[in-house]
Amino acid sequence: MALAVLVNVYLFTTAEHRISVVRVARNVPVGQRLVRADLGTSSVVVGPGVQVIPARQLGEVVGQRAAVDLRSGTLLVASQITTELSPQPGQALVTVALKPGQLPPGGLAPGSQLRVVSTPGSQAASGGDSATTSSGQGGQPSAKDVRAAVDAVAGPDTDGTMTVALLVADADANTVAREAAAGQIALVITARGA
């Protein structure tokens with residue numbers, strides 16, 4: 001009986017152990033530098049394996065940048081902030097508009113790794129001149145897959161189009177931008193982001 005009472009007291013006291021953590025006080029778009037007004041603290045009960053940033057580290061978080069869109073009222077975790085801006089040297093940021101059928105189920109998340117595949121024949125059926133927009137030597141379509149990472153995702157807009165910012169090698173940026181504007185790309189996901 002005494003053992004059962006001790007176990008119950010232990011479980012009650014550990015269940016009520018609250019810690020103070022950093023939370024998002026207002027919406028912050030990806031890339032924006034965090035200021036003190038963007039953040040707050042909350043006292044919460046945290047289970048094992050739940051990642052949080054202790055409130056004592058709030059000063060270290062201020063000045064960093066949002067690595068993803070941050071939503072008001074959510075607890076902040078280390079993977080959502082960064083000290084580095086993208087693109088890094090040797091990279092470029094290319095914006096791609098994707099229709100609902102071009103997105104994988106579950107969509108895309110920042111950090112997803114993918115290949116951008118050229119699809120020069122995709123506009124031929126709709127009257128586009130794909131041979132002139134992405135042709136290589138001798139009029140043959142160029143088909144160079146480009147490695148990319150998802151930097152940010154926005155949308156959908158009124159017709160369901162999602163806007164995706166892709167980090168690509170600077171040398172490939174113009175090609176990807178041209179083909180994306182012509183609707184001549186497909187995305188192949190090689191690793192999902194968080």
Side-chain angles (χ1 to χ4, degrees), residues 22 24 26-35 38-39 49-53 57 60-72 74-123 130 133-134 136 141-157 159-194:
V22 177
V24 181
R26 60 185 182 188
N27 291 344
V28 179
V30 64
Q32 182 172 309
R33 187 177 300 277
L34 295 168
V35 297
D38 295 328
L39 306 168
V50 176
Q51 295 183 1
V52 293
I53 297 176
Q57 294 178 359
E60 299 169 32
V61 174
V62 172
Q64 294 196 41
R65 295 188 181 271
V68 297
D69 286 334
L70 302 176
R71 297 289 172 237
S72 177
T74 59
L75 300 182
L76 191 65
V77 298
S79 63
Q80 296 174 314
I81 55 177
T82 184
T83 56
E84 299 178 355
L85 275 178
S86 58
Q88 297 295 311
Q91 293 181 322
L93 204 56
V94 178
T95 302
V96 177
L98 298 172
K99 300 287 184 194
Q102 295 176 288
L103 292 167
L108 291 171
S112 293
Q113 300 296 309
L114 46 87
R115 286 191 312 270
V116 180
V117 179
S118 175
T119 58
S122 64
Q123 293 296 310
S130 62
T133 57
S134 61
S142 61
K144 178 186 174 195
D145 295 352
V146 175
R147 290 178 172 259
V150 176
D151 185 67
V153 180
D157 63 13
D159 69 350
T161 300
M162 299 290 290
T163 302
V164 180
L166 298 176
L167 284 168
V168 299
D170 192 38
D172 297 321
N174 290 351
T175 301
V176 172
R178 272 192 220 84
E179 291 177 350
Q184 298 177 342
I185 63 166
L187 303 182
V188 177
I189 298 174
T190 57
R192 287 229 187 232

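This chain uses plain numbering: 1 for the first residue, then up along the sequence.
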Exercise. Ignoring hydrogens and geometry, is there a side-chain-to-backbone donor-acceptor pair from D145 to V117 under 3.5 Å?
Worked result: no

Exercise. Where do T119 and G183 come nearest, in terms of heavy atoms and distance?
Worked result: OG1-O, 4.4 Å

Seminar exercise, completed: Correct closest heavy-atom pair for V28 and A66 would be CG1-CB, 4.0 Å

Problem set entry | Audit row: V35, R26, side chain to side chain contact (heavy atoms under 4.5 Å, CB included) steps and yes/no | CA-CA 11 Å; V35 297; R26 60 185 182 188; 3.6 Å; yes

For this session: Could you check if a side-chain atom of D38 sits within less than 4.5 angstrom of a side-chain atom of L70, using non-hydrogen atoms only?
Result: no

Exercise. What's the verdict on side chain to side chain contact (heavy atoms under 4.5 Å, CB included) for L108 and L187, showing C-alpha distance, side-chain angles and the deciding distance?
Worked result: CA-CA 10 Å; L108 291 171; L187 303 182; 4.0 Å; yes

N/O donor-acceptor pairs under 3.5 Å from side chains in residues 159-170, not counting sequence neighbours:
residue: D159; atom: OD1; partner: T161; partner atom: N; Å: 3.2
residue: D159; atom: OD1; partner: T161; partner atom: OG1; Å: 2.8
residue: D159; atom: OD2; partner: K99; partner atom: NZ; Å: 3.1
residue: D159; atom: OD2; partner: T161; partner atom: OG1; Å: 3.4
residue: T161; atom: OG1; partner: K99; partner atom: NZ; Å: 3.2

Exercise. Given side chains that start at C-beta, do those of V96 and I185 come closer than 4.5 Å, heavy atoms only?
Worked result: yes

Exercise. So, do E179 and V116 sit near enough that their side-chain heavy atoms are less than 4.5 Å apart?
Worked result: no

For this session: Can you measure from CZ (R178) to CD (Q184) and round to the nearest 0.5 angstrom?
Result: 11.5 Å

For this session: Could you tell me whether a side-chain N or O of R33 sits under 3.5 Å from a main-chain N or O of G63, the two making a donor and an acceptor?
Result: yes

For this session: Check the surroundings of atom CD in Q57: do more than 12 heavy atoms from other residues, nucleotides or ligands lie under 6.0 Å from it?
Result: yes

Exercise. So, do I53 and I81 sit near enough that their side-chain heavy atoms are less than 4.5 Å apart?
Worked result: yes

Exercise. Between A173 and A92, what is the shortest heavy-atom contact and its length?
Worked result: CB-CB, 3.5 Å

Problem set entry | Gap between atom CD of Q32 and atom CZ of R65 - 0.5 Å precision | 8.5 Å

